Number of protein chains: 2
Amino acid sequence: MVSNYRGHLGGIIKQQRVSLYLTLQEIAAKSGVSASHLGRIERGERFPSAHILQRIAKPLGFEEDELFTLAGYLSPQSPMVAEKSPAYGGDRLDPYVARVLAQEPVDTQRAVIGILAILKSIAKSIS
Amino acid sequence: MVSNYRGHLGGIIKQQRVSLYLTLQEIAAKSGVSASHLGRIERGERFPSAHILQRIAKPLGFEEDELFTLAGYLSPQSPMVAEKSPAYGGDRLDPYVARVLAQEPVDTQRAVIGILAILKSIAKSIS
DNA sequence: ATTGTAATTCGCCAAGTGGCAAATGTCAAA
DNA sequence: TTTGACATTTGCCACTTGGCGAATTACAAT
């Protein structure tokens, strides 16, 4: 097993639950996660998977990404998200190119840079 | 087992990996996740835990939250993250695509959409 | 104290994850 | 064709997760 993160998310969850005056069973009912499992998570005997985290976030009053961050799965702030004004990198992506590409489905956009990668590797092997 | 999300992230990961010309072993080396496991993930035989997702995000050119969203662990609340856009022409440029393209000279960027235009006209004449 | 009831913890185990090593596939060079 | 060097897939299995039901605990109200 490689995974070795063993952050004590349990303490955070317990504190949050208690401060909301919720019982394990209530959280269980709202989240669909068994109370016994929740209990073990709280006292650090189990380390919840992403699915479980996702389900218990709202019942505990967390946003999903908030809880994921607390759990150590996400860095405090992800740079790309929340960025909005000079959307596309700004500095070097030609705005016209951005506009044209943005009209294509994402699959197509990705295919396009896939083609670019192919061409570059061909060019490289030639030179 | 309650969790029943079984979106095949594998297809996305594979497409991304191939478009970047990376082998499973290279991703394995960069991420610390075994190549065999990565292979099984790609072909939908395994469903990676959050830890694994976190480790392979960067090597694949994704932001962490981006991959988590694609995996269905986070709701796509950020407008930048690609998800079901209502019909085509979502006017959304995939952040990864933007990042890659921004590294190219503007001439190259424009050449790329020129090629795209050619391909589209070919496709149109075929159908 | 005793009983009743709800909350928590424990024992058990089916199902799933992920690493390692061996097997297999791929493909270019000799 | 054969060899060699990689890349991918498979077999195996240690280990973890998470649910269920049975204890056990907590705590009111008799």
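Each chain gets a letter, A, B and so on, in the order the sequences are listed, and its residues count up from 1. It should be emphasised that the depicted structure is a prediction, and the values quoted were computed from it without experimental measurement.
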Listed partners of B/Lys30 passing side-chain contact (heavy atoms from CB on, under 4.5 Å), at least two apart: B/Leu22, B/Pro59
For residues 34-41 of chain A, dump all side-chain donor-acceptor pairs below 3.5 Å to protein atoms at least two apart in sequence or in another chain.
{"residue": "A/Ser34", "atom": "OG", "partner": "A/Ser36", "partner atom": "OG", "Å": "3.4"}
{"residue": "A/Ser34", "atom": "OG", "partner": "A/His37", "partner atom": "N", "Å": "3.2"}

Working to the nearest 0.5 angstrom, can you tell me the gap between A/Leu67 CG and A/Leu53 CG?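 Result: 5.0 Å between the selected atoms.
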Can you check the [X] [atom1] to [N] [atom2] distance for me, whole Å?
X: B/Phe47; N: C/dA15; atom1: CZ; atom2: P; value: 15 Å
X: B/Leu53; N: C/dT17; atom1: CG; atom2: P; value: 11 Å
X: A/Ile27; N: C/dT9; atom1: CD1; atom2: P; value: 14 Å
X: B/Leu38; N: C/dG18; atom1: CG; atom2: P; value: 10 Å
X: A/Arg46; N: C/dG16; atom1: CZ; atom2: P; value: 16 Å

Please verify the inter-ring angle class for A/Phe68 with B/Tyr73; under 30° counts as parallel, over 60° as perpendicular, anything in between as tilted.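 Plane angle between 30° and 60°, so tilted.
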In B/S/- notation, 5' to 3', how is nucleotides 5-11 of chain D contacted by protein heavy atoms closer than 4.0 Å? --BBBBB
Does any non-hydrogen side-chain atom of B/Ile27 lie less than 4.5 Å from one of B/Leu60? yes
Looking only at the side chain of A/Ser49 (C-beta and beyond, no hydrogens), which of the listed nucleotides C/dG18, C/dT17, D/dG18 gets closest?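 Looking only at heavy atoms from C-beta outward on A/Ser49, the closest nucleotide is D/dG18.
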Using the side chain to side chain donor-acceptor pair (under 3.5 Å) criterion, which residues pair with A/Glu42? Sequence neighbours excluded.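 Expected list: A/Arg17.
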Pick base, sugar-phosphate or nothing for A/Ile41, based on heavy-atom distances below 4.0 Å to the nucleic acid.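 If one applies the 4.0 Å heavy-atom cut-off, A/Ile41 turns out to touch nothing in the nucleic acid.
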